[in-house]
Amino acid sequence: MTILLILASQTGNTKTFVDFLQRHSAQEIAICSDFDEPIKDYNQIAFGSYTWGDGKIPAKMKKYLIDHQHELANKDVIVFGSGNSIYPNFCRAVDSIAKICHDCGANVIRTVKFEQRWNEKERDETDLKFLIEDLRYWSRRD
């Protein structure tokens, strides 16, 4: 099996987490940034997104979630995203995507928010350990 990664990374900041995700996953990851891949063929899905404006999900990501909402039930999901903490709604798209997935019946394993570009050296050691464990659990082979 392969993991599906739906990625919205306008400046490339959100995409910086992908290498870390690939290194700690037990399966291959198919990256989809053109929002044309159906969810139904995958058990594990990652959504990576930046936050737009005052805390919004980017339009293409939002449309994709709406179009595929009925395919999310019983899927294991990770949601990650970059943001800038100078804004009051830091990485709110991550929270919104996770809520949509949860409301559609998905099992949200973990959310990951980071300032600008992913840098694992800037993470708390304990949090990083739990994140890696969550990624391994999420990407387990069925």
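The analysis underlying the following values was restricted to heavy atoms, covering all of them including side chains, and did not include hydrogens, waters or symmetry mates. The structure displayed is predicted, hence computed values, not measured ones.
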Does the pair Phe20 and Leu135 meet the rule for a side chain to side chain contact (heavy atoms under 4.5 Å, CB included), with working shown? CA-CA 10 Å; Phe20 180 83; Leu135 291 175; 3.6 Å; yes
When you group the ILVMFWY residues by side-chain heavy-atom contacts below 4.5 Å and let the links chain together, are Ile29 and Ile132 in the same group? yes
Any idea which heavy atoms bring Gln27 and Thr2 closest together, and the distance? OE1-N, 3.5 Å
For Ala46 versus Leu21, what's the shortest heavy-atom pair and its separation? CB-CD2, 4.2 Å
Verify the cluster assignment for Phe35 and Leu72: are they in a single hydrophobic cluster under the rule of side-chain heavy atoms below 4.5 Å apart? yes
Evaluate the side chain to side chain contact (heavy atoms under 4.5 Å, CB included) criterion for residues Lys99 and Asp95: first the C-alpha distance (whole Å), next the side-chain angles of each, then the deciding distance (0.1 Å), finally the verdict. CA-CA 6 Å; Lys99 181 173 181 351; Asp95 298 329; over 6 Å; no
If you take all heavy atoms of Ser25 and Ser139, which pair is closest and at what distance? CA-OG, 3.3 Å
Is any side-chain heavy atom of Asp134 less than 4.5 Å from a side-chain heavy atom of Val112? no
Measure the spacing between CG of Asp54 and CZ of Arg92 and express it to the nearest 0.5 Å. 8.0 Å
So do Trp118 and Asp19 actually touch side chain to side chain, heavy atoms under 4.5 Å? no
Any chain of hydrophobic side-chain contacts (each under 4.5 Å) joining Trp138 to Val79? no
Full working for side chain to side chain contact (heavy atoms under 4.5 Å, CB included) between Glu115 and Asn84: CA-CA 5 Å; Glu115 182 81 31; Asn84 190 322; 3.4 Å; yes
Give the cluster check for Tyr42 versus Ile100: same hydrophobic cluster or not, with ILVMFWY residues linked at side-chain heavy-atom distances below 4.5 Å. yes
Straight-line distance of Ile3 CD1 to Gln22 CD, nearest 0.5 Å: 9.5 Å
Heavy-atom side-chain contact between Ser9 and Ser33 under 4.5 Å: no
Salt bridge present between Asp127 and Arg110 (N-O < 4.0 angstrom): yes
Judged by modelled atom types alone, do Gln116 and Asn13 share a side-chain donor-acceptor pair under 3.5 Å? yes
Taking everything shown except Lys113 itself, do over 12 heavy atoms lie less than 6.0 Å from its NZ? yes
Can you find a heavy atom in the side chain of Leu131 that is under 4.5 Å from one in the side chain of Glu120? no
If I take atom CD1 from residue Ile45 and atom CD from residue Glu37, how far apart are they, to the nearest 0.5 angstrom? 10.5 Å
Rounded to the nearest 0.5 Å, what separation is found between the NZ atom of Lys56 and the NZ atom of Lys62? 8.0 Å
ILVMFWY network linking Leu128 to Phe17, side-chain heavy atoms under 4.5 angstrom: yes
Looking at Leu4 and Cys32, what are the two nearest heavy atoms and their distance? CD1-CB, 4.1 Å
Specify whether Phe80 and Phe114 have parallel, tilted or perpendicular ring planes, treating 30° as the upper limit for parallel and 60° as the lower limit for perpendicular. parallel
Value rounded to 0.5 Å, distance of CG in Leu5 from NZ in Lys15: 10.0 Å
Tyr50 vs Trp52 aromatic rings, parallel, tilted or perpendicular, using cut-offs 30° and 60°? perpendicular
Please round to the nearest 0.5 Å and tell me the distance separating atom SG of Cys104 and atom CD of Glu71. 10.5 Å
Evaluate the side chain to side chain contact (heavy atoms under 4.5 Å, CB included) criterion for residues Lys75 and Asn43: first the C-alpha distance (whole Å), next the side-chain angles of each, then the deciding distance (0.1 Å), finally the verdict. CA-CA 5 Å; Lys75 305 295 183 178; Asn43 294 324; 4.2 Å; yes
What are the two closest non-hydrogen atoms of Val108 and Cys101, and how far apart are they? CG2-CB, 4.0 Å
Using side chain to side chain contact (heavy atoms under 4.5 Å, CB included) as the criterion, point out the one residue from Leu7, Ile97, Ile66 that pairs with Met61. Ile97
Looking at Cys91 and Gly81, what are the two nearest heavy atoms and their distance? SG-O, 3.7 Å
Is it true that a side-chain atom of Arg140 and a backbone atom of Tyr137 form a donor plus acceptor pair closer than 3.5 Å? yes
Might you confirm whether atom CG of Asn74 has over 12 heavy atoms from other residues, nucleotides or ligands at distances under 6.0 Å? no
